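Remarks on the structure that follows.
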Amino acid sequence: SGSLGGTRSDSPAGAVAVYRDGVFYQNANIASDGTWTLSLDTTDAGLGDHTYYAKYNGNQYYNKFENPSNSVTIAVNKGTHVVSVERTAVSDEYPGVQKVKVTVKNEKGDAISTSVSGSGKSLNVSGHTANGVVEFTVSGLDIGTYNDWVFTSAGNDYYNAASATLASF
């Protein structure tokens with residue numbers, strides 16, 4: 001009595017070399033079923049269209065494969081981000097002073113470093129976010145109603161400009 005088993009050795013092995021825009025990008029390991037997958041981080045590619053193709057060097061059972069015309073093109077576009085504003089540390093003792101906190105984050109919630117400006121009645125401020133946040137203190141305001149203040153993030157090489165409004169107060 002006994003048992004018999006084995007492993008097939010005729011499946012593709014090794015890795016597939018992936019090229020971006022004709023230059024080696026990264027290897028993707030071939031799974032035991034002969035498939036491979038590679039997640040692409042397009043943030044390091046830069047804006048614009050980028051072409052990816054795969055190359056397999058082959059083994060004793062499978063031929064080498066390289067065909068740059070069998071490729072995929074991925075467009076990397078500027079992202080959008082969220083600008084949020086809130087009044088902070090407002091006191092009845094100082095009605096002519098308003099503090100405003102502006103937060104700028106991307107879709108994933110990561111802080112973005114960018115220039116921010118604010119405009120509106122009695123408001124003309126600008127600054128740069130540190131860890132996605134910039135705070136403005138606006139003083140010398142007359143008692144009364146102020147229309148909406150608009151805070152705009154200038155954006156950068158990877159993000160379009162975006163705005164948020166602080167409602168009338």
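Only a predicted model underlies this, so the values are computations on that prediction, with no experimental measurement involved. Throughout, residue positions are numbered sequentially from 1 according to the sequence presented.
Going from atom CG of Asn29 over to atom OG1 of Thr37 covers 11.0 Å, rounded to the nearest 0.5 Å. Taking NZ from Lys105 and OG from Ser84, the interatomic distance works out to 7.0 Å, rounded to the nearest 0.5 Å. For the atom pair CD of Glu135 and CD of Glu86, the computed distance is 8.5 Å after rounding to the nearest 0.5 Å.
No chain of hydrophobic side-chain contacts below 4.5 Å, direct or via other Ile, Leu, Val, Met, Phe, Trp or Tyr residues, connects Val133 to Ile112. Transitive grouping of hydrophobic side chains (ILVMFWY, heavy atoms separated by less than 4.5 Å) brings Ile30 and Val18 into a common cluster. Taking hydrophobic clusters as Ile, Leu, Val, Met, Phe, Trp and Tyr residues chained together by side-chain heavy-atom distances below 4.5 Å, Tyr53 does not share a cluster with Tyr56. One hydrophobic cluster, built from ILVMFWY side chains closer than 4.5 Å, cannot hold both Phe65 and Phe24; they sit in different ones. Linking ILVMFWY side-chain heavy atoms closer than 4.5 Å, directly or via other members, places Leu38 and Val16 in a single hydrophobic cluster.
Checked by atom type and distance alone, the side chain of Ser153 never pairs as donor or acceptor with a backbone atom of Thr114 at under 3.5 Å. A donor-acceptor pair under 3.5 Å is formed between the side chain of Asp21 and the backbone N or O of Thr51.
Using a 4.5 Å heavy-atom cutoff, the side chains of Val138 and Trp149 are in contact. Looking only at side-chain heavy atoms (C-beta outward), Thr103 and Val83 stay at 4.5 Å or farther from each other. By the 4.5 Å heavy-atom criterion applied to side chains, Lys64 and Lys55 are counted as neighbours. Residues Thr129 and Val102 are not in side-chain contact: their nearest non-hydrogen atoms beyond the backbone lie 4.5 Å or more apart. Using a 4.5 Å heavy-atom cutoff, the side chains of Phe151 and Phe136 are in contact.
Within 6.0 Å of the CG atom in Asp110, the count of heavy atoms belonging to other residues, nucleotides or ligands exceeds 12.
Checked against the 6.0 Å centroid threshold, Tyr25 and Tyr19 do not count as a close aromatic pair.
Taking all atoms of both residues into account, the shortest heavy-atom contact from Ala17 to Asn27 is CA-OD1, 3.4 Å.
In this model, no donor atom of one side chain and acceptor atom of the other lie less than 3.5 Å apart for Ser126 and Ser117.
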